[in-house]
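Note sheet for the following structure.
Model, not experiment: these values are computed from the prediction. Read the numbers this way: they start at 1 and go in the same order the structure lists the ligands and their atoms. What's counted below: heavy atoms across the whole structure, side chains too, no hydrogens, waters or symmetry copies.
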Amino acid sequence: MTVTYTTAVCTHNCPDACGVRVGVEDGRIVSLAGDPDHPITRGFLCGKVNRYTERVYHPERIRTPLRRVGAKGEGRFAPISWDEALDEIAENFRRVMAEYGAEAILPYSYSGSVGRVSMHIGHRLFHALGASRLARTICSTQAVEGQKYTTGAGLAADIEELPHSRLIILWGSNVVSTNLHLLPLIREARKAGARLVVIDPHRNHTARQADWYLPIRPGTDAALALGLMREIIAANLYDAAFVDRYTLGFEDLRRACEPYTLERVAEITALAAEDVRRLAHEYGGTRASFLRLGLGPTRRRNGGMVVRTIACLPALTGAWEARGGGFMRQGWANGHLDLAYLTAPRPDDPPARTVNMLHLGHALTELRDPPVMALYAYNSNPAAVAPDQTQVHAGLRRPDLFVAVHEQMPTDTTDFADIVLPATTFLEQEDVGAGSGTRYVQYSAQAIAPQGEARSNLDTFAALAGRLGIEDPVYTGGFAHLAERLLHSDWAPPGGFDLAAFRAGRALKLHPPEQPWREGRLATPSGKFEFVSAALAAQGLSALPEYVPSPEGHEDNALKSRYPLQLCTPHAHHLINSSFANTPSSRKLDRPARIRLNPADAAARGLDEGQRVRVFNDRGECFLGVEVTEDVRPGVGVAEAVWWPRDHAHSGERGNVNRLTSAETTDLGGGARFQECLVQVEAAG
Ligand SMILES: Nc1nc2c(c(=O)[nH]1)N[C@H]1C(S)=C(S)[C@@H](COP(=O)(O)OP(=O)(O)OC[C@H]3O[C@@H](n4cnc5c(=O)[nH]c(N)nc54)[C@H](O)[C@@H]3O)O[C@H]1N2
Ligand SMILES: Nc1nc2c(c(=O)[nH]1)N[C@H]1C(S)=C(S)[C@@H](COP(=O)(O)OP(=O)(O)OC[C@H]3O[C@@H](n4cnc5c(=O)[nH]c(N)nc54)[C@H](O)[C@@H]3O)O[C@H]1N2
Ligand SMILES: [Mo]
C-alpha cells in the first residue's frame, strides 16, 4: 500500500488555522504533521492536533443517528436511519411551528468547527423558517465592539511583522496555550533583542517565558492602561505629530487619565508603582511595540471599555507606524470573507426575535410568547460551555422540549437530546479555513471518508432544507459554489484571489487596507483614532476611556464578604473549549477539574494539595481538586475550562465551573463575563 497525502485546515476554534498534512494508507490516517509550506504553521502542530487520530477513531464517536430511549439527561439511545432522524426533526419543526409559531424554534451553535462553511451553513435554513435568531456572543463580541470605538473595526497589526518588534506585550493572552504559532515569530523578535512582557493574574505557560511578568489583579486592566497613558503624556513620551494628525480628543484623554497617578494605579492593580512607571517608560520609549490583547481581561462587565481603553495606547505612541508595531486582539478578522452570503436573512424571510446565546438557560425556562419548544444544537456543547448552567440543564431536561443535536461525541448536551445526528471531523469533509489570528484563507481538502454514517453540517442542512421545502442555492449549489462565493472579499488581493492556487490548497493572504489612518479612512466616524467617541456618548456611555470597578471584583461589598475569591476560568492547554475533554491523552496531561489557589488562601481554609473542594456562590456549586501554588495571587482562584460537567459529578449531580458563572452580559456587544465570578471554597463534605 502507498501513502497518499492531502492538506486539510484545522477548523477547531483557535486563531492559528493550521495547514495539516495528512498521510492516508488504505483509507486510514497514518500520519499528521504541520504543513511545512504554510507561512504560519511552519511544519508543526499543537499537541491536541498532533494526537488527532485519538479523536477521529475514538471508540465513543457517534456513528449513526440515534433516538432517545431513556429519560432526558440519561444518554440512552437506539440507532435509527438518517431518513427516520431527518423526518422526525422536520415533523417536530412543523408541529412546533403550527402550534406556537416558528420563533418557538431556536438554533444553538458556535465554534465546534470554525470552517467558514461548517460554522455558518445553518443560518439560512433557520432564517427561512422564521426561527428565533441567535446572537452569537459567547466569545468576543465585547472585544469587537470595544475596539470599534477607538480604532474602527478590522484594524490589526500583521503578526508576520512581529519579528521587527522591539517590545512585545501579551496582555491577558496565554499564547503558549491558545495561539501557539505566534511563538516562533516572538522568538525571532527576541533573538533580535525584543523584550517580552506578560500581564496576567495567572503565572501561566506564557508568563513563565516572559522577560518580565506583571501579576495584575483581575479586572483592573483599564486602570493600568489609564495610568500608563498618564505617565506617557506627563513624561512627554507620546508621538505628538501622530496624535495631532491621526487622533481625535487628545486634550480630553489627558483629562481622563489625570486621576490615575502611579500610586492610585498601584493601589487598584496591586502592582508596584515603580513597575507601572517602568512599563510606561518602556512602552512610551519603544515605537516598534506590539500589543496583543487576549480575551481574559474582556470577559467582565466592563469588557468593551477595557478593550477601547487599552487600544488607545498605540495611538498615543504612534506604534502603528513602526514596523512590527501596533495592536492586535484575540478574535481579530475571522477571515473577512463574503460571509453575508451565508448568514444574512433574505428580504422575504419572516421577521424574528433575537435570543442572546448567553441567555440559553432563561430562554429554555422562562421565555414566553412563544416559549422555546424545539432546540437544534450543532457545533456547540451548550450543556458545558454556556453560563448559568443550572438553568441550562433545567431547560434541557424539560419533557415538552424537542432537542436535536448534531455531534461527533456523546457530550453532556447529547445526553439531553431526543435525536442525535453523527457529525464528521474536519478530516472527513471539505471546508474553507480562515484563521481569526492570521491573514490567510485556505481550502481544506477531505482526507478520509466519514466515520460510520457521519455527515458534515453542509450535507445535513442540505438534507433538512429538502425535507422542509426550502429552496436556496446555499443548499443546492454544492461546496464549490459556496467556496467561490466566500472568496468575494473586500480584502482580496488586487485582481482577486487566484482560484487555481486556492483549489491546489495554497494558503492565500488577505489584503486589508494599508495604514488606513493616513488617508483618514479608519472605520470610525471621524476616520481617526478616537480618544473621545461621540458614538459612545450618543448611547449614554462614557465618551472617554474609563476604568469601572465591578461589583463582582476585588472591592469590598456585601457579596465580596461572603464570596471573597475572584475565580478566573481561562482556557486549558490540552482542550479547545470543551472539545478534547474525552481524548485520553488530554485527560492525562491536563489533570481535569482543579482550582489553583495561593498558599495563603489554601491555609486560611485548612486545604491541602489534592483535596476535593466545593466551590460555590449564589448561582451554584462545583466540585474540584485543589492545587496549591504561588502561580496565582492571593484572593484569586484559577480553574481552567471547559471540562465536561459529567467529569465533575458529585452525588449524582453533574456540573462544571459554568454552574458558577453569570449569564449577565458586558457593557458593549452583549458578551460574556466568564472571568468575573466571586466564589467561596471549602472542603467537600
Ligand atoms: N489550548 C487552547 N487554545 C484555545 C482555546 C482553548 O480552549 N484551549 N480556545 C480558543 C478560543 S475559543 C479563544 S476565545 C481563545 C482565547 O485565548 P485567550 O485570549 O488567551 O483567552 P483566555 O485563556 O480565556 O484568557 C487569557 C488570559 O487572560 C487571563 N485573565 C483573566 N482575567 C484577566 C484580567 O482581568 N486581566 C488580565 N490581564 N488577564 C486576565 C487569564 O488568566 C488567561 O491567562 O483561545 C483559543 N485557543
Ligand atoms: N467558564 C468558561 N466557559 C467558557 C469559556 C471560558 O473561558 N470560561 N470560553 C467560551 C468561549 S471563548 C467559547 S468560543 C465557547 C465555545 O463553546 P463551543 O463553541 O460550544 O465549543 P466546544 O466546547 O469546543 O464544543 C463544540 C462541539 O462541536 C462539536 N463539533 C466539532 N466539529 C463539528 C462539526 O463539524 N459539526 C458539528 N455538528 N459539531 C461539531 C464538537 O465535538 C464539540 O462538542 O465556550 C465558552 N465557554
Ligand atoms: Mo472563544
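Here Val642 has side-chain heavy atoms under 4.0 Å from ligand 2, and that is the only part of it that gets that close. Counting heavy atoms under 4.0 Å from ligand 1, residue Ala572 touches it through the backbone alone. The proximity of Pro297 to ligand 1, defined as any non-hydrogen pair under 4.0 Å, involves the side chain as well as the backbone. For Thr424, every heavy-atom contact with ligand 2 shorter than 4.0 Å involves the backbone, none the side chain. Residue Ser113 touches ligand 2 through backbone and side chain together, judged by heavy-atom distances below 4.0 Å.
Nearest residue to atom 41 (C) of ligand 2 from Arg136, His406, Arg55, Gln330 is Arg55 (criterion: closest heavy atom). Considering Ser111, Pro201, Gly47, Ser173 only, the shortest heavy-atom separation from atom 40 (C) of ligand 1 involves Pro201. Considering each of Arg203, Arg300, Arg299, the one bringing a non-hydrogen atom nearest atom 32 (N) of ligand 1 is Arg300.
The single protein non-hydrogen atom nearest to atom 42 (O) of ligand 1 is Asp200 OD1, 2.7 Å, given as residue, atom name and distance.
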- prompt: Is there a side-chain contact (heavy atoms from CB on, under 4.5 Å) between His571 and Asn577 once you walk through the steps?
  reply: CA-CA 6 Å; His571 295 174; Asn577 300 311; 3.4 Å; yes
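Remark: distances from the non-hydrogen atoms of Arg217 to ligand 1 are all 4.0 Å or more. Under the 4.0 angstrom criterion for non-hydrogen atoms, His12 is not in contact with ligand 1. At a 4.0 Å cut-off, not a single heavy atom of His574 sits close enough to ligand 1 to count as contact.
Between Val385 and ligand 2, at least one N/O pair is under 3.5 Å apart.
Arg300 places no side-chain N or O within 3.5 Å of a backbone atom of Thr666 that could act as its donor or acceptor partner. Asp418 contributes no side-chain N or O that, together with a main-chain N or O of Ala404, makes up a donor-acceptor pair within less than 3.5 Å. Here the side chain of Thr11 pairs no donor or acceptor atom with the backbone of Gly115 at under 3.5 angstrom.
Counting the atoms of ligand 2 from 1 in the order shown, those under 4.0 Å from a heavy atom of Ile576 are 24 (O).
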